[in-house]
There are 2 protein chains.
Amino acid sequence: MTTTKTKGATALPLNTILSGDCIEVMNSLPEASVDLIFADPPYNLQLKGQLHRPDNSQVDAVDDHWDQFSSFGVYDQFTRAWLKAAHRLLKPNGAIWVIGSYHNIFRVGSALQDAGYWILNDVVWRKSNPMPNFRGKRFTNAHETMIWASKSEGGKYTFNYEALKALNEGIQMRSDWVLPICTGHERLKDENGDKAHPTQKPESLLHRVLIGSTNPGDVILDPFFGTGTTGAVAKMLGREFIGIEREESYRKVAEKRISKVRKFDREALEVSASKRAEPRVPFGQLVERGMLRPGEELYSMNQRHKAKVRADGTLVGDNVKGSIHQVGAHLENAPSCNGWTYWCFKRDGKTVPIDILRQQIRAEMHN
Amino acid sequence: MTTTKTKGATALPLNTILSGDCIEVMNSLPEASVDLIFADPPYNLQLKGQLHRPDNSQVDAVDDHWDQFSSFGVYDQFTRAWLKAAHRLLKPNGAIWVIGSYHNIFRVGSALQDAGYWILNDVVWRKSNPMPNFRGKRFTNAHETMIWASKSEGGKYTFNYEALKALNEGIQMRSDWVLPICTGHERLKDENGDKAHPTQKPESLLHRVLIGSTNPGDVILDPFFGTGTTGAVAKMLGREFIGIEREESYRKVAEKRISKVRKFDREALEVSASKRAEPRVPFGQLVERGMLRPGEELYSMNQRHKAKVRADGTLVGDNVKGSIHQVGAHLENAPSCNGWTYWCFKRDGKTVPIDILRQQIRAEMHN
DNA sequence: GTTCACGCTGAATCCGCCC
DNA sequence: GGGGCGGATTCAGCGTGAA
């Protein structure tokens with residue numbers, strides 16, 4: 001364990017996982033001593049019954065005792081308390097990241113603003129592989145929200161603009177990040193082979209956060225350390241960390257994990273960058289965007305068939321409804337059909353393939 | 001202007017733009033009369049000074065008087081007031097959408113929860129063409145957040161799952177939507193050629209909202225109507241709207257805009273329907289109608305189990321009697337089972353799913 | 001070694017009608 | 001209004017094991 005002396009007499013316990021309630025522990029540390037705080041607090045999910053997948057398997061829900069709050073009021077009180085303790089710990093030019101979902105993030109954001117933090121961005125983590133909505137009752141919950149805020153208005157926070165631009169193939173980093181959830185070898189297991197923590201975050205997420213908003217040698221505090229993703233990535237990237245975690249089982253897993261981490265070689269950084277296929281464009285987007293009107297007629301390439309566009313991006317032809325591909329296949333009596341190259345529309349008397357419109361959308365997406 | 005009578009004496013001013021303060025106007029309308037509210041309230045941007053692009057051109061900022069609030073407290077008070085008035089207007093199974101940015105969305109989300117609304121999703125509008133961050137001091141602000149909430153927990157909100165899935169080429173719609181901002185011909189200009197409204201929303205966004213969470217004929221209220229995107233898309237899609245807007249200049253632009261909109265054909269507005277909407281066919285009817293004989297054997301889809309049909313439309317298998325669903329669930333040791341897709345019968349040596357017979361009956365019912 | 005089929009799982013506020 | 005029960009509902013990625 002490394003320690004450093006600060007202005008006061010108290011030493012800062014660097015690269016250590018402290019046990020106990022995060023508010024008490026934070027209050028025991030010296031003020032204005034931390035460069036960045038990354039916090040992944042309980043989400044207060046308020047789950048009710050059980051959920052099964054369509055194949056009848058059961059979803060392993062997050063129903064741990066630490067995520068139980070009896071009301072929004074109680075959750076707010078908890079949130080305001082830890083945010084206040086965190087505020088005291090931050091250096092004047094320090095900053096904080098907090099991650100959450102719609103269950104809690106609005107409470108957290110309001111509390112941040114009320115506590116004097118100054119929001120810099122909200123950043124959306126778009127999951128490339130989220131869990132679907134199994135009952136078809138809502139949108140797939142495909143993202144989580146992170147709030148990035150400085151200690152106060154006018155704080156000179158760290159922002160490594162060029163490094164982030166480089167990470168993003170030369171284009172300014174946006175407020176929406178597409179990253180996969182934590183699975184496979186990265187997902188830590190307990191001795192029974194079950195997941196060690198129900199909500200382990202991917203290292204790629206922390207990588208981007210730390211590259212973007214800290215410098216080597218900075219001190220990063222994580223008051224809800226869990227299995228220590230923040231500590232592991234901080235160590236890789238040559239930053240110092242302080243973790244706080246109440247549950248002994250998580251602390252043990254984190255200790256072991258971080259002990260195995262080696263500080264990064266430069267080259268390993270580049271790996272995750274590329275791998276980009278042409279983005280999929282749903283036909284429905286042509287309708288939503290007014291490129292084709294509901295009710296408009298499409299003509300088959302061979303001019304033998306026509307069909308009408310509906311508001312939801314399906315087609316209706318003679319005795320058949322469905323996607324551009326399904327209707328094309330049916331009309332041609334073929335096992336399958338690429339609707340993009342099969343259908344045309346008319347503009348100014350000319351017949352134009354609908355694929356032209358898809359190419360327009362893709363061109364915009366590359367910008 | 002169309003009006004309808006509701007339970008009370010007050011008429012509902014459909015397809016009209018009402019002038020005045022939205023809270024007062026909402027309080028003058030009959031309670032429980034609206035199916036959906038779409039609200040794009042002031043964002044409370046708190047901009048300071050002028051912003052210039054790298055080429056020294058000046059950014060036309062949103063600095064209108066209606067976006068000025070002296071503190072979070074004042075903004076909260078305003079937010080709670082209009083959300084309360086909106087809550088009263090909603091039918092029990094109604095829902096609301098509110099759009100905002102990190103400046104205000106956390107205040108709005110907390111206020112929604114405190115007012116008894118029940119959040120269903122937060123949806124991220126990911127802009128394909130956002131304005132860059134010219135100073136390189138933060139992430140490109142590339143998204144806005146929408147909150148979708150029902151009037152209360154347990155409300156039977158409208159969700160056109162199948163239509164949204166169709167819009168997305170057969171894959172469940174996610175909580176992140178990629179759509180371009182409103183530019184080009186769609187962007188309304190005033191007589192000087194300047195943009196008529198600083199924050200006009202794209203019609204594609206409203207298209208998806210209205211297709212997904214309303215049905216034709218539903219009443220949609222927009223208390224911050226601006227230049228009337230909600231009204232224009234509602235009219236196209238065969239929905240009724242009520243707009244409220246304080247500024248006369250915006251009302252005039254909106255009136256003119258909506259008068260030019262034409263409703264799509266009825267056929268184009270019909271949308272992919274859910275199987276849940278299909279009439280229920282009791283399994284017993286297959287036996288009554290002689291499509292299956294009492295005593296005949298059914299086989300499970302996986303060929304591992306069989307059961308015998310009884311005259312009352314129940315099945316009897318190894319040690320188990322009951323409905324097609326109950327017997328299937330028991331044999332598979334599953335919490336539930338859809339008997340219609342689980343069981344097959346034999347005809348001319350071929351194995352045929354019993355759902356084929358249900359489809360025959362439904363086809364007859366449609367005639 | 002390679003490919004393919006299949007199984008498993010992930011921060012989830014996840015049903016609705018009829019009696 | 002509460003209980004019973006019919007029956008509708010999933011995407012991407014990783015790991016395993018057979019071919």
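Since the model is a prediction, treat every value here as computed from it, not as a measurement. Chain A is the first sequence line, chain B the second, and so forth, proteins listed ahead of strands; every chain is numbered from 1.
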Report summary line: In whole angstroms, the gap separating P of D:dT10 from CD1 of A:Ile181 amounts to 18 Å
Query raised in the report: A:Phe134 and A:His52: aromatic ring centres closer than 6.0 Å?
Result: no
Query - D:dT9 and C:dG10, which share atom name P, separated by this distance in whole Å - result: 25 Å
Query - salt bridge (Lys or Arg N to Asp or Glu O under 4.0 Å) assessment of B:Arg208 paired with A:Glu288 - result: CA-CA 7 Å; B:Arg208 196 174 290 184; A:Glu288 287 179 332; 2.5 Å; yes
Report task. For D:dG6, take OP1 and OP2 only and decide whether either is under 4.0 Å from a side-chain N or O of B:His325. Result -> no
Report task. Specify the residue among B:Lys165 and B:Ile324 whose closest nucleotide of DNA chain D lies further upstream toward the 5′ end. Result -> B:Ile324
Requested in this report: Please give the nucleotide sitting opposite D:dG7 as a Watson-Crick or G-U wobble pair, both distances under 3.5 Å, or none.
Outcome: none
Report task. To the nearest Å, give me how far apart CZ (A:Arg126) and P (D:dC11) are. Result -> 17 Å
Report summary line: Rounded to whole Å, the CG-C1' distance (A:Leu188 to C:dT9) equals 16 Å
Query raised in the report: Rounding to a whole Å, what distance do you find between A:Phe139:CZ and D:dC11:C1'?
Result: 17 Å
**Report entry** Residue-phosphate contact under 4.0 Å: B:Lys156 side-chain N/O, C:dG16 OP1/OP2
**Finding:** yes
Query raised in the report: Looking at C:dA11, does its base get a donor-acceptor pair with the side chain of A:Lys201 below 3.5 Å?
Result: yes
Query - Separation of D:dG7 C1' from B:Trp343 CH2 (nearest whole Å) - result: 15 Å
Query raised in the report: Using the P atom in both, what is the distance from D:dG7 to C:dC14, to the nearest Å?
Result: 23 Å
**Report entry** Separation of atom CG in A:Asn133 from atom P in D:dA8, rounded to whole Å
**Finding:** 17 Å
Query raised in the report: Does the side chain of A:His185 get closer than 4.0 angstrom to OP1 or OP2 of D:dG15 through an N or O atom?
Result: yes
Query - B:Ser336 (side chain) and D:dA8 (base): donor-acceptor pair under 3.5 Å - result: yes
Report summary line: Among the nucleotides C:dA11, D:dG6, D:dT9, whichever has the atom closest to the side chain of A:Val62 is C:dA11
Query raised in the report: For C:dA12, which nucleotide is its Watson-Crick or G-U wobble mate, given both distances must be under 3.5 Å?
Result: none
Query - Any A:Lys195 side-chain nitrogen or oxygen under 4.0 Å from OP1 or OP2 of C:dG10 - result: yes
Query raised in the report: Taking the side chain of A:His103 as heavy atoms from C-beta outward, which of C:dA12, C:dT9, D:dC14 is closest to it?
Result: C:dA12
Query - Base C:dG16 to side chain B:Arg280, donor-acceptor N/O within 3.5 Å cut-off - result: no
Report task. Would you please test B:Glu162 and B:Lys275 for salt bridge (Lys or Arg N to Asp or Glu O under 4.0 Å) and show each step? Result -> CA-CA 9 Å; B:Glu162 290 292 340; B:Lys275 281 187 199 163; over 6 Å; no
Requested in this report: Would you please test A:Arg107 and B:Asp114 for salt bridge (Lys or Arg N to Asp or Glu O under 4.0 Å) and show each step?
Outcome: CA-CA 10 Å; A:Arg107 322 303 299 191; B:Asp114 292 340; 2.9 Å; yes
Report task. For B:Gln113 and for A:Pro130, find the nucleotide of DNA chain C with the closest heavy atom, then tell me which residue's nucleotide is more 5'. Result -> A:Pro130
Query raised in the report: Are OP1 or OP2 of C:dC15 and a side-chain N or O of B:Tyr157 less than 4.0 angstrom apart?
Result: no
Query raised in the report: Is A:Asn141 near enough to C:dT13 that one of its side-chain N or O atoms lies under 4.0 angstrom from OP1 or OP2?
Result: yes
Query raised in the report: Is the glycosidic angle of C:dT13 within 90° of 0, making it syn, or outside that range, making it anti?
Result: syn
Requested in this report: Taking atom C1' in both D:dG15 and C:dA11, compute the distance separating them and give it to the nearest angstrom.
Outcome: 23 Å
Requested in this report: Measure from the side-chain heavy atoms of A:Arg187 and tell me the nearest of D:dT9, C:dA11, D:dC11.
Outcome: C:dA11
Query raised in the report: Any idea which heavy atoms bring A:Lys137 and B:Trp148 closest together, and the distance?
Result: O-CH2, 4.4 Å
Requested in this report: Tell me whether the OP1 or OP2 atom of C:dA12 has a side-chain N or O from A:Lys137 closer than 4.0 Å.
Outcome: no
Query raised in the report: Reckon B:Ser323 has a side-chain N or O less than 4.0 Å from the OP1 or OP2 of D:dG6?
Result: yes
**Report entry** Straight-line distance of A:Asp40 CG to A:Glu144 CD, nearest 0.5 Å
**Finding:** 7.5 Å
Query raised in the report: Among D:dG7, C:dA11, C:dT13, which nucleotide sits nearest the side chain of B:Ile119?
Result: C:dT13
Query raised in the report: Nearest to the side chain of A:Asn129, which nucleotide is it out of D:dT10, D:dA8, D:dG13?
Result: D:dG13
Query raised in the report: Where the side chain of A:Val59 is defined as all heavy atoms beyond and including C-beta, which of C:dG16, C:dA12, D:dG6 is the nearest nucleotide?
Result: C:dA12
Query raised in the report: Quantified in whole Å, what is the C1' atom distance between nucleotide D:dT10 and nucleotide C:dC8?
Result: 13 Å
Report task. Would you indicate, yes or no, if D:dA8 has its OP1 or OP2 atom less than 4.0 angstrom from a side-chain nitrogen or oxygen of B:Arg358? Result -> yes
Report summary line: Here the distance between atom P of D:dT10 and atom CG of A:Leu51, to the nearest Å, is 13 Å
Report task. Could you go through the salt bridge (Lys or Arg N to Asp or Glu O under 4.0 Å) check for A:Asp176 and A:Arg126 one step at a time? Result -> CA-CA 7 Å; A:Asp176 57 318; A:Arg126 304 170 66 210; 3.7 Å; yes
Report task. Kindly say whether, by distance alone, the side chain of A:Arg135 makes a donor-acceptor pair under 3.5 Å with the base of D:dT10? Result -> no
Query raised in the report: Is the centre of the A:Phe224 ring less than 6.0 Å from the centre of the A:Trp66 ring?
Result: no
Requested in this report: Mind calculating the distance between OH (B:Tyr161) and C1' (D:dG7) to the nearest angstrom?
Outcome: 15 Å
Report task. Identify which nucleotide among D:dC14, D:dA8, D:dT10 has an atom closest to any side-chain atom of A:Thr183, counting heavy atoms from C-beta outward. Result -> D:dC14
